[in-house]
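One-based numbering along the sequence shown.
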Amino acid sequence: MAKFSTLISAIFIVLVLISNLDAQGTERQNDHKEPTILVVLLARNKEHTLPYFLTLFERLDYPKKRMSLYIRSDHNIDKTIRIMEEWLAANKNHYHSVDVKLNKTSAKFYPGEIRGTEWGDERFTHVMKFKEEAMNLARRMWADYIWFLDMDVFLTKADVLQLMMNEEKSITAPMLNSLATYSNYWGGMTEDYWYLRSEDYLPILDRKQKGCFSVPMVHSCVLVDMTRVLSDNLTFIPQNISGYDGPHDDIIAFAISAKTAGVEMHVCNFEVYGFIPSPLDEEESLKTDLKQLLSIKLEVLVEHPPLPVSSLLAKYVPPPSEPDKLGFDQIYLISLARRPERRERMFRSFKELGLQVKLFDAIDGKKLNDSYLMELGVKQMADYKDPWSKRDMTFGEIGCFLSHYFIWEDIVANGYEKVLLFEDDIRFEPYFREKVRLMRDEADRLLDWDLIYLGRKKMKNSDEPWVEDSETLVYADYSYWTLCYAITLTGAKKLLAAQPLNQMVPVDEYIPIMFNKHPEEEWMEKFPVRNLNAYSVAPLYVFPTHYTGEVGYISDTEESPIVEEELSSPSAPTPLPDLDAKGLGIKVGLNGMVKDEL
């Protein structure tokens, strides 16, 4: 009986195995290979972007054996071809095929060029020829898709290709983040075929509306479905378009050919797929492109890891410049120890910017309690209520105020004449270093200044008058936020002399009080001497990384216990060990809290 039972079990196992094999066989029969793609890569004077572009390109989550490469490069004044040769030697065998021509003997400039960044008719004709040649190659090789990809595009979303294919559109582009309001699509087009800002351009750009949108123009990262019958009518050559009366421009000619053929272009913005620098103006040189790259690298850091560079190409990335203090006596970063991701991002940003910065461990509102505040003599201003929520101050707001207060003390203790101060939840505008130097030059030449906002929230719609003969400075009105500001020794002394700890309000309320621009007259009357000379740059040099309600927004000041409630609670937090142990107080100030320079 036992033998019979064993036999039955064995038969059952065999049947299960056969069934599984049949199922696997059926699955294999139904599997499809990924579509074939011809990738068009045209490079000119891209030495500065290629290490990042090529590293990200080879990390795309798509089978390389289903990709063919069409690569052209000429008219270079930098190491573009050397980089391409080295990368191809290590990677070309990974792809299905590579059609490459790297012209080392071509002239460095087209006729009439002086910088290598101009776009004359001859250059446009050259690019049109390459793109048309690539389009015809894709047709001859029966490629399922052709992908026109500029080599200064940084694709941080590895599966971007598959995501675009899944949209099943004839012409698709992932929306790329950039600087200001630039991106790789047009919302509208004028009657003579030039750029037109449409009403939905900014909502799409800001991802307030998400989807795949029909637009008149996409460029720089464009996927074309070559299996569509109408794709046979697409062209980059104006002469191939019946009745064409547009400019001699490759992307415009392609867009008009698509419209003429009845093929819609789409841009998709469901998520952040990658980044692209703004185009150069005719008078700008490659040095400007390098600065644009720095700005893009800083923008990437807001939500993403740093742009990667493979070990093969790392030698082509210039080493960071020797850090300095931009002419200030000291630069501080206020950062909570329990927000390491913010701190790390700021460290990386300062390294890119070449700034020498001193780290201050922010006073953590979550560790404050009534006994420590009493030791410092901290009292909320009588009758204070938040102007918007009508609540008392939070422990987070007190921690923020103390962080700034102790730095003002440190400025005075060390006799620093001019200081720059950052909080850790900011993003940098392009050309930050250059703008700060210009601001300092104008401020020192034109003003007797105490404080200059570099990042803030203007709270009134009133015009702020420009400082006479200045291109960058305005007289500051009522403002919120202390994202970044410059302050003098005299300014720090004025803020301390008013003894704000025993009638405390949030620091971004206190500073406007001290330059006599606060709407609450009763609050201002509690500080009789309000002679802070405060200004602001316009436009601003830094902005918040996130705004209220956005994904990723965190407020350690607003989203913390309210003082009135916490002080009346029997379960108040334990004393702050680091502060109490070191005897930190008004006189001692920053003792033990300022870290080594970064």
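The environment of E283 atom CD is dense: over 12 non-hydrogen atoms of other residues, nucleotides or ligands sit within 6.0 angstrom. Crowding of K65 atom NZ: a count of heavy atoms from other residues, nucleotides or ligands under 6.0 Å exceeding 12. Around NE2 of H304, the count of heavy atoms belonging to other residues, nucleotides or ligands within 6.0 Å exceeds 12. More than 12 heavy atoms of other residues, nucleotides or ligands lie within 6.0 Å of NZ in K458, so this atom counts as buried by the packing criterion. The number of heavy-atom neighbours closer than 6.0 Å to NZ of K64, taken from other residues, nucleotides and ligands shown, is above 12.
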Could you walk me through whether R348 and E344 satisfy the salt bridge (Lys or Arg N to Asp or Glu O under 4.0 Å) test, starting with their C-alpha distance in whole Å, then the side-chain angles of each, then the deciding distance to 0.1 Å, before giving a yes or no? CA-CA 6 Å; R348 293 183 184 278; E344 181 181 359; 2.9 Å; yes

Should K297 and E352 be marked as a salt bridge (Lys or Arg N to Asp or Glu O under 4.0 Å) after you check the CA-CA gap, both sets of side-chain angles, and the distance that decides it? CA-CA 8 Å; K297 290 166 73 175; E352 293 287 351; 3.2 Å; yes

Show, in sequence, the C-alpha distance, side-chain angles and deciding distance for T36 and D144, and conclude whether the side-chain hydrogen bond (donor to acceptor under 3.5 Å, both in side chains) test is met. CA-CA 5 Å; T36 58; D144 296 314; 3.2 Å; yes

If you apply the rule salt bridge (Lys or Arg N to Asp or Glu O under 4.0 Å), what do you find for E271 with K210, and how did you get there? CA-CA 8 Å; E271 50 192 305; K210 289 187 177 182; over 6 Å; no

What's the verdict on side-chain contact (heavy atoms from CB on, under 4.5 Å) for M135 and L234, showing C-alpha distance, side-chain angles and the deciding distance? CA-CA 9 Å; M135 182 76 81; L234 299 175; 4.2 Å; yes

Step by step, work out the salt bridge (Lys or Arg N to Asp or Glu O under 4.0 Å) result for D324 and R433. CA-CA 11 Å; D324 62 26; R433 283 185 62 96; 2.9 Å; yes

So E167 and T172, side-chain hydrogen bond (donor to acceptor under 3.5 Å, both in side chains) or not? Walk me through it. CA-CA 8 Å; E167 295 302 325; T172 318; over 6 Å; no

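Counting only heavy atoms from C-beta outward, the side chains of F422 and I331 approach each other to under 4.5 Å. Taking 4.5 Å as the limit, some side-chain heavy atom of M67 sits within range of a side-chain heavy atom of L161. Between F270 and C212 there is a side-chain heavy-atom pair separated by less than 4.5 Å.
Side-chain contact of N103 with T105: a donor-acceptor pair under 3.5 Å is present, judged by distance alone. W87 and E58 form a side-chain donor-acceptor contact under 3.5 Å, judged by distance and modelled atom types alone. For the residue pair S335 / R343, a side-chain donor-acceptor distance below 3.5 Å is found, with atom types taken as modelled. With hydrogens and angles left out, the side-chain atoms of R197 and Y195 include a donor and acceptor closer than 3.5 Å. When only modelled atom types and interatomic distance are considered, R44 and S73 share no side-chain donor-acceptor pair under 3.5 Å. T235 and E132 are linked by a side-chain donor-acceptor pair at a separation below 3.5 angstrom, with hydrogens and angles left out of the test.
Taking the six-membered ring where tryptophan is involved, the planes of F57 and F53 are essentially parallel, since the angle between them stays under 30° and well short of 60°. A perpendicular orientation is assigned to the rings of F124 and H248, their planes being inclined by more than 60° (bins at 30° and 60°). Between Y182 and H219, the ring-plane angle classifies as tilted under the 30° and 60° cut-offs.
Across every non-hydrogen atom of V537 and L454, the tightest pair is CG2-CA, 3.8 Å. Taking all atoms of both residues into account, the shortest heavy-atom contact from S257 to N233 is CB-O, 4.2 Å. In plain terms, the two heavy atoms of M217 and I251 that are nearest each other are CE-O, 3.4 Å.
Between N177 and the choices R207, E303, E299, the side-chain hydrogen bond (donor to acceptor under 3.5 Å, both in side chains) rule is met once, by R207. Test T80, D78, D152, D150 against K46 for side-chain hydrogen bond (donor to acceptor under 3.5 Å, both in side chains) and you get one pass: D152.
Rounded to the nearest 0.5 angstrom, S170 OG and D225 CG are separated by 6.0 Å.
Using a cut-off of 4.0 Å between Lys/Arg side-chain N and Asp/Glu carboxylate O, D441 and K435 are scored as not salt-bridged. Between D424 and R345 there is no salt bridge, since no side-chain nitrogen of the basic residue lies less than 4.0 Å from a carboxylate oxygen of the acidic one. No salt bridge links E118 with R123; every basic N to acidic carboxylate O contact stays at or beyond 4.0 Å. In summary, R72 and D99 engage in a salt bridge, as defined by a charged side-chain N under 4.0 Å from a carboxylate O. The pair E86-K315 meets the salt-bridge criterion, since a charged nitrogen lies less than 4.0 angstrom from a carboxylate oxygen. A salt bridge links E85 with K104; the closest basic N to acidic carboxylate O contact falls under 4.0 Å.
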